[in-house]
**Student:** 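Structure below; questions to follow.
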Amino acid sequence: MNIREAKEEIKHTVQAYLLKDETGAYKIPVEKQRPVLLMGPPGIGKTAIMEQIAEEMQINLVSYTITHHTRQSAIGLPFISKRMYAGEEVSVTEYTMSEIIAAIYDQIERSGVQEGILFLDEINCVSETLAPTMLQFLQYKTFGSHKVPDGFVIVTAGNPPEYNRSVRDFDIVTLDRVKRMDVHEDFDAWKDFAVRAGVHGSILSYLSIKKGNFYSIKAGIQGKQFVTARGWEDLSRILQVYEEMNLPVNTDLVSQYLEDPEIARDFAAYYELYNKYRETYHVGEILEGNFPKDVTALALAPFDEKLSLIGLLIDALNQEFRQYVRDLATQQGLFTELKAAKAAGTSADVLAGLRDAREQKAMRSKKAHMLSRSQERTERQVIQAMDELIQKLRLEGVADSEAAAVAKQWFAEREQARKERIGKTDRHLTQAFAFMDKVFHEGQEMVIFLSDLSSGYYSLKFVTECGNEAYFKYNQFLLLNNQRTKLTKELKEMMSL
């Protein structure tokens with residue numbers, strides 16, 4: 001299965017394990033809840049999907065790379081205690097609580113949530129001294145004498161032996177007690193995540209053209225040469241920051257993230273070409289309806305160049321779709337706080353109290369690792385907006401009796417500005433379709449453009465919630481065209497009988 005399918009399967013498993021009956025007992029007894037064993041190549045997003053699952057289910061996540069642990073940190077340190085046996089006091093060896101088990105209880109205390117996931121990475125690469133402990137853990141959910149708390153689902157991950165020389169094989173007894181899933185690299189599955197995460201457009205465009213370069217591990221003269229999903233994601237972040245700082249991007253920089261010289265050189269060359277296309281085609285003007293006068297050359301351009309242009313259009317639109325989602329989340333947060341302020345008698349001091357309470361709650365959630373990056377960004381934007389309103393009320397000397405009306409007007413102005421941005425994005429999307437139709441008509445380029453929009457989280461959210469006539473028009477055409485192709489194929493098959 002690919003990483004997207006693995007995420008859904010693990011999420012369903014966690015939901016099933018945490019389901020309770022009418023008495024409050026887990027429907028699948030804790031001792032029968034097999035730990036998940038996720039096997040797959042390094043760097044394809046195994047840890048990332050665990051974070052997403054915990055975020056979506058609003059449960060805890062305690063994550064460890066088990067190769068960083070010794071036997072002592074996993075099962076605890078020994079100490080001598082006294083016990084009475086047959087009326088005689090004797091010295092016995094006991095163990096302090098496992099560092100991993102203690103971390104689970106710490107997380108429960110921080111978050112106030114009793115259920116969660118314990119994720120142990122590189123489970124099959126432990127040291128020789130820790131191996132027996134890990135087998136015991138997978139079979140009985142204990143580290144030494146300490147048990148994983150009920151309500152915590154165990155998910156582990158490991159690498160196949162071809163990727164790691166330190167891999168240890170599990171015996172049949174152990175494998176018969178886990179729920180194994182084998183996952184493989186898949187660009188199309190990763191692309192969904194990448195679009196939502198805001199991965200640089202040049203990377204998405206390049207990999208759409210050269211999917212074979214998405215993931216690669218091979219032996220070279222100078223050792224291992226590899227490219228992973230993690231490498232592409234980290235490269236994306238540095239590209240965005242370098243562009244913001246107007247710093248040059250070259251092969252040396254790319255090679256620090258893509259440790260395959262050939263792929264690094266190829267992408268660096270494409271990145272330079274991508275920027276050339278960005279300057280040549282003036283995507284911003286296209287979205288405003290100012291199309292090039294002569295589109296014949298573009299219609300006859302190499303397919304790679306066409307894909308690059310489609311990538312530029314999608315990237316520009318995705319930035320606006322992403323802004324729509326962020327604006328909506330911020331306004332919803334502000335609406336909640338203004339409603340609470342109204343109930344308490346709106347004033348600058350009341351709003352300041354609500355602002356501080358929200359910030360403290362966000363800080364607690366962040367400390368408990370239960371706040372995603374997008375949620376953290378929303379919280380910052382809500383708090384900054386509340387600061388703006390509080391300052392407005394104080395600087396203008398607004399009386400408490402008038403504060404509610406001023407706050408209402410301030411919120412309405414923000415909402416009007418948001419609606420204007422929605423209208424602008426709607427026009428840009430419509431113009432993008434008009435341009436695609438003018439240059440490529442209803443060819444495969446239009447199908448690719450529409451497919452990218454239909455599979456993107458932010459684009460789909462925008463058109464679903466705000467609508468767009470051009471999108472629905474061409475989407476309907478695509479559905480009808482697919483149906484027509486299917487019927488033609490079936491008719492030919494029937495005639496050949």
Side-chain angles (χ1 to χ4, degrees), residues 13-14 17-21 23-37 50 54 59-158 166 168-179 367-369:
T13 300
V14 174
Y17 284 178
L18 298 183
L19 188 64
K20 297 179 179 179
D21 62 20
T23 68
Y26 290 109
K27 288 201 169 186
I28 300 177
V30 173
E31 63 273 13
K32 294 297 182 181
Q33 295 179 5
R34 289 189 172 202
V36 174
L37 175 59
M50 300 316 305
I59 58 176
N60 292 299
L61 174 65
V62 176
S63 180
Y64 276 95
T65 299
I66 201 63
T67 48
H68 296 169
H69 282 268
T70 63
R71 184 174 183 274
Q72 288 74 23
S73 63
I75 69 172
L77 293 172
F79 66 92
I80 304 299
S81 67
K82 301 292 185 179
R83 286 192 183 180
M84 297 296 295
Y85 289 122
E88 182 180 353
E89 184 180 74
V90 297
S91 298
V92 296
T93 302
E94 295 190 30
Y95 288 84
T96 59
M97 179 172 281
S98 158
E99 178 185 323
I100 297 172
I101 301 296
I104 296 176
Y105 284 109
D106 287 341
Q107 177 64 17
I108 291 173
E109 186 175 344
R110 283 194 297 264
S111 67
V113 177
Q114 297 295 316
E115 297 175 325
I117 298 170
L118 171 60
F119 177 61
L120 301 181
D121 200 5
E122 299 183 1
I123 189 74
N124 59 342
C125 299
V126 295
S127 64
E128 186 174 345
T129 57
L130 192 54
T133 298
M134 297 314 302
L135 295 178
Q136 178 195 32
F137 166 74
L138 290 174
Q139 292 178 25
Y140 303 110
K141 303 181 178 66
T142 62
F143 279 113
S145 58
H146 301 108
K147 183 176 179 294
V148 175
D150 291 352
F152 262 73
V153 177
I154 299 169
V155 181
T156 65
S166 303
R168 294 176 176 275
D169 290 330
F170 291 130
D171 56 33
I172 294 176
V173 173
T174 301
L175 291 174
D176 195 36
R177 286 175 167 83
V178 299
K179 181 175 179 178
K367 188 176 180 180
H369 307 291

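Along the sequence shown, the residues carry numbers beginning at 1. Given the structure is predicted, the values throughout are model-derived calculations rather than measurements.
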**Student:** Is there a donor-acceptor pair closer than 3.5 Å between any side-chain N or O of Gln33 and the backbone N or O of Ile28?
**Tutor:**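 Checked: pair present.
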**Student:** Quick one: pull up CG in Asp106 and CD1 in Ile101 and give me the separation to the nearest 0.5 Å.
**Tutor:**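 If I round to the nearest 0.5 Å, the distance is 11.5 Å.
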**Student:** Any side-chain heavy atom of Ile59 sitting closer than 4.5 Å to one from Val153?
**Tutor:** no
**Student:** Please say whether more than 12 non-hydrogen atoms of neighbouring residues, nucleotides or ligands are located less than 6.0 Å from CD in Glu89.
**Tutor:**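 More than 12 within 6.0 Å, yes.
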**Student:** So do the side chains of Ser91 and Lys82 get within less than 4.5 Å of each other, counting heavy atoms only?
**Tutor:** yes
**Student:** For Phe152 and Gln114, which heavy atoms make the closest approach, and how far apart are they?
**Tutor:**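 Closest heavy-atom pair between Phe152 and Gln114: CE1-O, 3.6 Å.
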**Student:** What is the distance from atom OG1 of Thr142 to atom NZ of Lys147, rounded to the nearest 0.5 Å?
**Tutor:** 9.0 Å
**Student:** Report the distance from atom CZ of Arg34 to atom CZ of Arg177, rounding to the nearest 0.5 Å.
**Tutor:** 9.0 Å
**Student:** Enter the distance from Lys141:NZ to Ile154:CD1 here, rounded to the nearest 0.5 Å.
**Tutor:**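 Interatomic distance, Lys141 NZ to Ile154 CD1, rounded to 0.5 Å: 5.5 Å.
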**Student:** Please check: side-chain N/O of Ser63 versus main-chain N/O of Leu118, any donor-acceptor pairing under 3.5 Å?
**Tutor:**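 Such a contact is absent between Ser63 side chain and Leu118 backbone.
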**Student:** Could you list the residues that satisfy ring pair (Phe, Tyr, Trp, His ring centres under 6.0 Å) with Tyr17, not counting sequence neighbours?
**Tutor:** none
**Student:** Would you find more than 12 non-hydrogen atoms of other residues, nucleotides or ligands less than 6.0 Å from Glu88 atom CD?
**Tutor:**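 Not buried by this count: 12 neighbours or fewer within 6.0 Å.
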**Student:** To the nearest 0.5 angstrom, please state how far the CG atom of Leu120 sits from the CZ atom of Phe137.
**Tutor:** 4.5 Å
**Student:** What pairs with Lys32 under side chain to side chain donor-acceptor pair (under 3.5 Å), at least two apart in sequence or on another chain?
**Tutor:** none
**Student:** Under 3.5 Å, side chain of Asn60 to main-chain N/O of Ile104, donor-acceptor pair present?
**Tutor:**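 No: the side chain of Asn60 does not pair with the backbone of Ile104.
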**Student:** Which pair of non-hydrogen atoms, one from Phe119 and one from Leu61, has the smallest distance, and what is that distance?
**Tutor:**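 Closest pair (atom of Phe119, atom of Leu61, distance): CB-CD1, 4.0 Å.
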